[in-house]
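Here's the structure, in structure tokens; my notes come after.
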Amino acid sequence: VADHLWCRSEVDKQHLIEMGIDEEKITVYKGAINTNAIEFVLRDKPRYKILFLGHMYYPPNEECLRVIVDKILKMLIQLDKRYSITIVGNTPSSTIQKYKNVKGLVFKGGMDNLSDLLAEYDMGIAPINQGSGTRLKILDYMASGLQVVTTNLGVEGLDSNISRYLNIEDDMDKYALAIHKIMENLASYKEASRNAREFVELKYDWKNNLEPFLGVYKKLLNNK
């Protein structure tokens, strides 16, 4: 019954078409964030605090959590006992109970003030191996000045030049080492963090991404 549908990837668009939705009623948009709402903070002293944004009622995020526990966190703690990984997002109590004894794993639930939250951490990760859409968490991380480690799937749908401003690792057995190498040289990444923030402001701030929406709305209004 909707006049138009928005989705954040060609994969999602295809799923909608397979459900019987007219292709002319679907528009793919890349997503955006409000960079003014996220304070940019330079990290120059490692605290060994890693962040994953994502609610655990979404199966791909549940899979990320399994990988974080089984592959990434254990290896990180072997490299340095100060490491911790915090999961921020709504999480079932059963999931928290399941992982309650995992050393270095912290659950924070949903948070309202994203800017203050991001400033508490040194690095954002997104070990994504399934799912679709635009991973806006990547843009949030970069806007805050966090160093980022993700997979190729984690940047799918984002501007191809984004790979210049973050670190891509698809081998989960090497993920922890990639994080550790960055953490041990955090002070040298100030310029990279500034460039990443500028990239997000230019490419993904809402003020620069309204035209596609306005175009569709104008078309719909003209057809009324």
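Just the heavy atoms: all of them, side chains too, but no hydrogens, waters or symmetry mates, feed the values below.
For Lys207, the NZ atom is densely surrounded, since the number of other residues' heavy atoms within 6.0 Å is greater than 12. In Glu18, the CD atom is crowded: over 12 heavy atoms of neighbouring residues, nucleotides or ligands sit closer than 6.0 Å. More than 12 heavy atoms of other residues, nucleotides or ligands lie within 6.0 Å of NZ in Lys25, so this atom counts as buried by the packing criterion.
Legend: residues meeting side-chain hydrogen bond (donor to acceptor under 3.5 Å, both in side chains) with Glu39, ordered by chain and number and at least two apart, are absent. For Tyr189, there are no ring pair (Phe, Tyr, Trp, His ring centres under 6.0 Å) partners at least two apart in sequence or on another chain.
Looking only at side-chain heavy atoms (C-beta outward), Ile125 and Ile68 come within less than 4.5 Å of each other. Put simply, the side chain of Leu118 reaches to within 4.5 Å of the side chain of Tyr141, judged on heavy atoms. No side-chain heavy atom of Ile87 sits less than 4.5 Å from a side-chain heavy atom of Tyr99. Annotation: side chain of Arg197 is in contact with side chain of Thr35 (closest heavy-atom distance under 4.5 Å). Here the side chains of Arg43 and Leu146 are in contact, with some heavy-atom distance below 4.5 Å.
Checked for salt-bridge contact, Arg47 and Glu120 miss the test: no charged N lies under 4.0 Å from a carboxylate O. With salt bridges taken as basic N to acidic carboxylate O contacts below 4.0 Å, none links Lys181 and Glu169. Here Glu198 does not pair with Arg194 in a salt bridge; the nearest charged N to carboxylate O distance is not below 4.0 Å. Here Asp173 pairs with Lys71 in a salt bridge; the nearest charged N to carboxylate O distance falls below 4.0 Å.
For the side chain to side chain contact (heavy atoms under 4.5 Å, CB included) test with Lys137, the passing option among Leu53, Leu51, Thr150, Leu114 is Leu53; the others fail.
Between the side chain of Asn185 and the main chain of Ser188, no donor-acceptor pair closer than 3.5 Å is present.
Across all non-hydrogen atoms, the minimal contact from Tyr83 to Leu76 is CD1-O, 3.2 Å.
Note: Asn90 CG to Asn61 CG = 11.5 Å, rounded to the nearest 0.5 Å.
Side-chain heavy atoms closer than 4.5 Å link hydrophobic residues (I, L, V, M, F, W, Y) into clusters, and following such links, possibly through other members, connects Phe52 to Val102. Leu202 and Val200 are assigned to two separate hydrophobic clusters, defined by single-linkage of ILVMFWY side chains at heavy-atom distances under 4.5 Å.
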